[in-house]
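To start, the structure itself, in structure tokens.
Chain identifiers are assigned alphabetically (A, B, ...) following the order of the sequence lines, protein sequences preceding nucleic acid strands; residue numbering begins at 1 within each chain. Worth saying up front: this structure is predicted, and the values here are computed from it rather than measured. In what follows, every heavy atom counts, from backbone to side chain, and hydrogens, waters and symmetry copies are set aside.
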Amino acid sequence: MRTHTCNELNESHIGQTVTLCGWVNAYRGHGTGLVFVDVRDRSGLTQAVFETEGDNAELIEQASKLRNEDCIKLVGTVRERASKNDKIPTGSIEVLVTSMERLSKTKKLPFIPSTEKDLPNEEVRLRYRYIDLRRPTMQNILRTRHRVAKLTRDYFDEHDFIEVETPVLCRSTPEGARDFLVPSRNQAGMWYALPQSPQLFKQILMVGGCDRYLQIVKCFRDEDPRADRQAEFTQIDLEMSFVDRDEVLDIMEGFAKKVWKEMLGVDLPDFPRMTYREAMDRYGIDRPDTRFDLELVDISDLAPKTGFGVFTDALAKPKGIVKAIRVPGGAEKFSRKVTDKFNPFAQQFGAGGVPTVKYTGGEFSTGIAKFLGDIKDELVERLGLEDGDAVVFGADTYSIVTKALGELRLKIAREHGYIPEDKWNFLWVYDFPMFEYDEETERYYALHHPFTAPTKEEAQRLMDADIKDVDTVESILSDGYDMICNGSEIGGGSIRIHDQGVQSKVFELLGLSPEEAKLKFSFLLDALSYGAPPHGGIAFGLDRLVMHLVGTENIRDVIAFPKSLTGVDLMSEAPNVVDAEQLKELHVESTAEASV
RNA sequence: GGGGCGGUAGCUCAAUUGGUUAGAGCCCCGGCCUGUCACGCCGGAGGUUGCGGGUUCGAGUCCCGUCCGCCUCGCCA
């Protein structure tokens, strides 16, 4: 239908007759004798010109009816422009049109995709996604995503991984996120679940001798979305046999380096590795953003000397702690108005408050300054304070202080310019706890998932652990690892349990009786008992990877047809009601009346 | 489920303490324009102020409820 795309024409094509197809990006009419039309396709723009030249009045008449976003095909001759436009790659040529066909006329548009400024709100963009996707920005994102997917397949293919598809209709398994369920027609009263990840299938592929598996795969978790989270998302999922942790990390690090090199031209240095414990201690979070300092510093040993009630009360609690964050230059930035907002912010994480002081002229001032006299020198040295700094304190139990100051650290960094642009700080976090005790349900939960192996050093402690000994159980370390990029978790995985006995012990600690474990996971336990190889793997969030590469905070930007925060596709209006007959076939009756 | 912000023309926004006929730009329609490039100029059309209720002589504006979108806490092995 066409001979060229819009962006590929240049001076070397002058004199050639070409056919272009695309959309009217801009129309500039100059009366009955001259009309300019910028034609846009996926590749870019070409200026088409309609001129009066003898008996082609009809052509101009046709052109004068064009509107933005009409879809057209035109035939013409490439020629040099009288006045060039250096803003676009094809700005030195134009196509003198000899014939034009309007392939498809547009209705009045809800918005104009050719102006990237003044975009309508996201609701309108999502409702008319097909118009939004015409924007060059969106086209670039789609292409970036495609290139990452291709790179992924190429890289892992080079490393002897094979892509294997796993089922989308699965059985529901306990633990983890809420499942999306699909009723079975053939098995009345039975339900499939959509996979939260292909975790068990990929492990069983290892038992099945696949050795190295890869899949770019949709996963489903029926939880409330966030700016960086959708219920339906894509993982780069892989698993390897006969490997230990470092071998998995090396492969994955090589992958991330290759992606950043190919996509951004960035050479990433080797990734630092940090234990979970260190990440929590220094940054208050398991996915530290190491592009800036503002680290959490323990001052529990100094705090009692202050006599400050909030500090001493906190230290009297079990696992009580007092920590401080040095904020360079904070004395000037932290007006009363600014620091007043810290307390309610910290309170949503359970903290009582976060006192602040300024350090100027060798003295503390404002806030709780009057309590700090006796520890001034030690504090200055411990935190490395310099003139003009501010200090933020947190005092409570370890978990509350960690969470509150960890979050406040990020808030301060974002709002007061402590995050350097154009920096890529990758790192590995490892040695996670295997279990976390939940007071409310009075049981343990797997921090990663129930198939994560303990580290070699911890294996015996796991097997010997008494379910009632919370401190011991919570201290067992797993052989799990997360890849962190600029404070965002872009991948996570672990060495898996390949021993049926170890897996049974983990189920026991998670409160699953042997009968329940057999009922829900017999296929896994069976598989592990037939000569399962040691194996491990990782899953990458493709959406988040692309978000980093294109520089957006919004996961919907990197998904062609995303859903709103209430799980609705605003374009197709899914979910929606179905015929009563469909429900009947599926043996399903709804207890709710949908309001349509 | 909780908290916050928002919803006025197709789109982006405005509208004084509650007060005349709810305005502007873009888009759209009509006309003019032979070198523009976000072309320009003239004219025109376009509104149940998300929806429902209330207070008031009078509501875009105040109150209550509700729906939708976004951000967030919980949640997300």
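Comparing B:rC70, B:rC75, B:rG35 by their nearest atom to the side chain of A:Gln47 picks out B:rG35. The side chain of A:Arg226 sits closest to B:rU72 out of B:rC27, B:rU72, B:rG69. Taking every side-chain heavy atom of A:Val124 into account, B:rC11 is the closest of B:rC39, B:rG74, B:rC11. Closest contact between the side chain of A:Ser83 and the listed nucleotides B:rC28, B:rG35, B:rC70 involves B:rG35. For A:Phe349, the listed nucleotide lying nearest its side chain is B:rC73; candidates were B:rC73, B:rC71, B:rC70.
Checking the phosphate oxygens (OP1, OP2) of B:rC37, no side-chain nitrogen or oxygen of A:Lys84 falls inside 4.0 Å. An OP1 or OP2 oxygen of B:rG69 is reached within less than 4.0 angstrom by a side-chain nitrogen or oxygen of A:Thr566. Between A:Asn68 and B:rC27, a side-chain N or O to OP1/OP2 separation shorter than 4.0 Å is absent. For B:rU36, neither phosphate oxygen OP1 nor OP2 lies less than 4.0 angstrom from any side-chain nitrogen or oxygen of A:Arg81. Taking only side-chain nitrogens and oxygens, A:Arg28 comes nearer than 4.0 Å to OP1 or OP2 of B:rC39. Using a 4.0 Å cut-off, some side-chain N or O of A:Arg556 falls inside it from OP1 or OP2 of B:rC71.
In the interface, the side chain of A:Arg221 is not paired with the base of B:rC75 through any donor and acceptor atom under 3.5 Å apart. Remark: the A:Arg229 side chain and the B:rC75 base include a donor-acceptor N/O pair separated by less than 3.5 Å. Judged by distance alone with a 3.5 Å cut-off, a donor-acceptor contact links the side chain of A:Arg79 to the base of B:rG35.
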Table of protein N/O atoms under 3.5 Å from nucleotides 2-9 of chain B N/O atoms:
none

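Defined by atom type and a distance below 3.5 Å, a donor-acceptor pair is present between the side-chain atoms of A:Asp41 and A:Ser43. Counted by atom type alone, A:Gln235 and A:Ser197 present zero donor-acceptor pairs between their side chains at under 3.5 Å.
Geometrically, A:Arg277 engages A:Tyr398 in a cation-pi contact, judged by NZ or CZ lying under 6.0 Å from the ring centre and within 45° of the ring axis. Figure legend: A:Arg245 and A:Tyr481 shown without cation-pi pairing, the cationic atom not lying both under 6.0 angstrom from the six-membered ring centre and within 45 degrees of its axis. For A:Arg134 and A:Tyr130, the positive end is not near the middle of the six-membered ring at less than 6.0 Å and at most 45° from its axis.
Projected onto RNA chain B by closest heavy-atom contact, A:Gln196 and A:Glu407 fall at different nucleotides, the more 5' of which corresponds to A:Glu407.
Pairing of B:rA15, defined by two Watson-Crick or G-U wobble distances under 3.5 Å, is not identified with any nucleotide.
Residue-nucleotide stacking is not present for A:Phe111 and B:rC11, judged by a side-chain ring centre under 5.5 Å from the six-membered base ring centre and planes under 30° apart.
Between A:Phe451 and A:His449, the ring planes lie tilted relative to each other; the angle falls in the 30° to 60° range.
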